[in-house]
Structure formats: C-alpha cells, structure tokens
Amino acid sequence: MSTPLLLSYYGDDLTGSTDVMEALSLNGVETVLFLAPPSEEQLAPFADFPAIGLAGTSRSESPDWMETHLNNALAWLQSLNASMCHYKVCSTFDSAPDIGNIGKALEIGKALFAQSCVPLVVGAPQLKRYTVFGQHFAAFDGEVHRIDRHPVMSRHPVTPMAEADLRLHLAKQTQLSIGLADVLCIESANTDSQVDQLSRSNDVLLYDTLNRNHQAKVGTQLWRTRLPDGSYVVGSSAVEYALVDTWRKQALIPENPPLFSSPGAVEKIAVVSGSCSEVTARQIRHAETNEFRVVAIDVVKLIDDRTHADTMNKALKEAIEALNHGKSVIVYSALGPNSDADAVHQGGEKARHLIGRSLGQLLRQMVEAHGLKRVVIAGGDTSSHALSQLGVHALTTRLPLPETPGSPLCTAHSNQPAFDGLEVALKGGQIGSESYFVTIRDGKA
C-alpha cells in the first residue's frame, strides 16, 4: 500500500461488510470491499484508499471452518498493516456455538495479533441498536426490544437470540474472560484509568453504547488503546461509527462528509432474496403492490437433488417472463421466519450454501439475458454465496442510504463486462424500510 491504512476489516457476511463500507463512506473514508484476497492488479486501483475490507461467510460457518479460513483471512488483513483490524459481526449479535461463533473469532484474532485484551463494541444508535449494562437491545416497528424478546431475532431460524446479556451469550462460545465498560464507566471523569484496569484483567472488553455521546467516547478509547503495530477489534459497524468522530478530531479524515449524487431510476431491477426475516417479507409484499412481479421458490424442492434443476428452470422462466414485460422481479426462497425453516435447518450448511449459490445463478442469468444495470441481493447469509456467482471481485459505495443505514447501493468491479459497473444493493434481513426495493429501483436516497 502506498499510504498507511486506517482500517482493515473482515465482514462475517456480505451485507455486514457493505454496512461497514457505508458507515465509512458516509464520513469521507474511501473504502473498497474485496470478495477474496485480491491480486496485485486488482488491488492497485485502490492503493490510496484508507480502508480495505474483505467480505466473508463466517456468520454461517462452523468453528472448524473458521479455524482454517478465518485464520487465513485475518492473516492477509494483518499483512496490510492497518492501524486497526476489525472483525465485523451483525448488530443484533445473533450467533451460536456451532455456527457463526463470535467467541471463536475473538480467540483467533487475539492469538494472531498477540493481543492481551480485545475490544468489543456492538451498540450503534444509527442502526437503533443499544447496549446498556451489557444487555443488548434492538428496534422493531418503532419500538425498542431487549434482544431476547425481539419479535424477529428471538425467533431467528438458525441463530435465535435467547440471551440479552452479551457476556452470558458469549460465554457459551468461548472461555475467554469478558469485562464490561458500562455506561457509568463511559460517563465517568476517569474513563481512561478504568478502561486500562479492565483491559489488564480481561481477555475481552465489551463497551456499552446507548447514545452518540457514548459512541464518541468509545471511539476515543478504541483509538487511544490501539497497539503500535495494529490492533484487533470485534463488533458491529458501531466500531466505525465510533472511530470516525476521533479520526475527524485528529484531522485523519475530511471535516465535511462527501455528497453522493443519486444515480436516478431504472426501468426494472432484479432481486433475489434468501432472507427469512419478517422485515424482508414486508418489503417483498410492499414491492408486489408497486409493480414488482414476485416469484416464490419451493425451497424443499430446491435443496433436493432430484428436483433442484426443475425448480431452478421454473423460477428462471417466470422471472425472465416478468422482465420481458418490463417488470421488476423478486425471486425469493422464504417469506418470513416460518418459511420451510425446518427443512433448511435439517439440511444444514450444505442447504444454506446451495440456496445462496442457486439464487446467485438465477441473478446472473437475469443480468446476462436483459443487460440489467441494477440488482439487489437480500439476506446476510445469502449474499456472500449469491454474489460469488457474478464474477465480481470488489465493491465500492455508489449511494449510501442514510434513511435505511446498512444497505447501500454499490458499484461492482469485475473482469467480466456484463458485471463491471453493475449497481448492486446488498440488504441484511433486518435492514431497510418497507419501501426498500422500490427505493432502490427508483434511485432515491
């Protein structure tokens, strides 16, 4: 790299990775997100970017998978010599001992960076996520819920959140000791000394964040306590939202955020969705009433080798027919949390990966058939596997969506002309307003 990096990061799924990219881009930190460690030729155009991300799939992977693949990914990021290396998790912190194990990610990074204590930050007021006295909360339908009572996250089909105390939740995933810098510590006159003491006596230090004032103070602590050769930190995009205040005060980033121009409307877009979220289900229903054609995939038949090909052909035929008539189309494998969840869960990792790849293959064929300029992939677990089918090696921010943070419109970079410059929106299950798909089609911020 020709200029020092402020930040490198690994996203545990693709939508989480673009969430970080958006948080940085909104604050004037040029960021590129790679889908795999790039070649020198692929890296060269972004040599002066102060932030580089690597999109991963660890949210839907086992600890054994993480031991090999995450180790390699973090080692590559460490080689970039950024001031901080961030392992990005979902802002709802949903995870489990056998899948998406955040404790394992803490252990791997702690050992790799030879770090005595790893900071952990999850609360992000911009996303309506809050951590208070170690308890985590998230908004839904205008009301804030403790995460174990959240209407969606408490019922997640793969990683339901049954515990709101993040330290207790993590204790099922790791034996590392976990301290807490609570709101009283954050607001105290001697925060520095308290944080130093907590860091000396714990392997992990969780920071409370209730409001933006707390967030700014957390950012100060993250930057103050970083190691000379680079530090490892775990958390949601709360990490970036916290750091930008400190960076701006130290003139490391522009004082005034950049302005992004709207790309305007397109006639039609294609959406593929593997999300089981009720939020996404509402968005699909809303789009259907706004001139989108929806195509449901029978997921039981999709993951059955005997019926997979026929199921794919049927979905593609319906989708192409809709596009032929000038309609935007949504191809989805679930409509809410109860959509064939048992079949997918029983199919395990193989079924989840197959769904993502299959949706990506359908999207690729729709783009090639109609020369589409804008597409959407919905579902954090889906997006990584789906986008891999498009021959895209990197993403940059085209248009942040501050009204629905965490789901920006991106520009794809590819060696294949059909996909180079393609505008791609990647939406996590819980992210976005009801009109999200319509907003993306119409190019509105």
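Only this structure's heavy atoms are used, side chains among them; waters, hydrogens and symmetry mates stay out.
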Among S236, S237, S91, S407, whose side-chain hydrogen bond (donor to acceptor under 3.5 Å, both in side chains) with D19 holds? S237
Distance in Å, [X] [atom1] paired with [Y] [atom2], rounded so as to fall on 0.5 Å steps:
X: I269; Y: K373; atom1: CD1; atom2: NZ; value: 15.0 Å
X: E22; Y: N27; atom1: CD; atom2: CG; value: 10.5 Å
X: L316; Y: S358; atom1: CG; atom2: OG; value: 12.0 Å
X: T397; Y: M21; atom1: OG1; atom2: CE; value: 4.0 Å

Taking only Lys NZ, Arg NE, NH1 and NH2, and the carboxylate oxygens of Asp or Glu, determine whether R59 and D12 approach each other closer than 4.0 Å. no
Heavy atoms, side chains only, cut-off 4.5 Å: are E291 and S328 in contact?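 Answer no - side chains too far apart.
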Side-chain donor-acceptor pair under 3.5 Å between [X] and [Y], yes or no?
X: S58; Y: H69; result: no
X: D94; Y: T159; result: yes
X: K88; Y: S17; result: no
X: S435; Y: H286; result: no
X: H136; Y: D165; result: no
X: S95; Y: Q173; result: yes
X: H393; Y: S39; result: no
X: E107; Y: T174; result: yes
X: H86; Y: E240; result: yes
X: R167; Y: Q135; result: no

For F46 and F34, take the angle between the two ring planes, folded into 0 to 90°, and tell me which bin it lands in: parallel under 30, tilted 30 to 60, perpendicular over 60.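 F46 vs F34 ring planes: perpendicular.
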Between [X] and [Y], what is the shortest heavy-atom contact and its length?
X: L54; Y: L77; value: CB-CD2, 4.2 Å
X: A334; Y: S275; value: CB-O, 3.5 Å
X: I320; Y: A369; value: CD1-CB, 3.9 Å
X: T311; Y: D298; value: CG2-O, 3.9 Å
X: E267; Y: R441; value: O-CD, 4.4 Å
X: E318; Y: K314; value: OE2-NZ, 2.7 Å

Audit row: Y130, F137, ring-ring contact (aromatic ring centres under 6.0 Å, His included) steps and yes/no: CA-CA 5 Å; Y130 314 95; F137 299 80; 7.8 Å; no
Please indicate whether R285 has more than 12 foreign heavy atoms, meaning atoms of other residues, nucleotides or ligands, lying under 6.0 Å from its CZ.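 Counting other residues, nucleotides and ligands, CZ of R285 exceeds 12 neighbours.
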Might you confirm whether atom CD of E368 has over 12 heavy atoms from other residues, nucleotides or ligands at distances under 6.0 Å? yes
For the backbone of G443 and the side chain of S262, can you confirm whether one donor and one acceptor N or O come within less than 3.5 Å of each other?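 Between the backbone of G443 and the side chain of S262 there is a qualifying donor-acceptor contact (under 3.5 Å).
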Within the side chain of R129, is there an N or O that forms a donor-acceptor pair under 3.5 Å with the backbone of L127? yes
Side chain to side chain contact (heavy atoms under 4.5 Å, CB included) between R357 and Q389, worked out: CA-CA 7 Å; R357 290 195 305 271; Q389 303 300 308; 3.7 Å; yes
For a side-chain contact (heavy atoms from CB on, under 4.5 Å) with I284, tell me which candidate from F292, Y436, F437 qualifies. F437
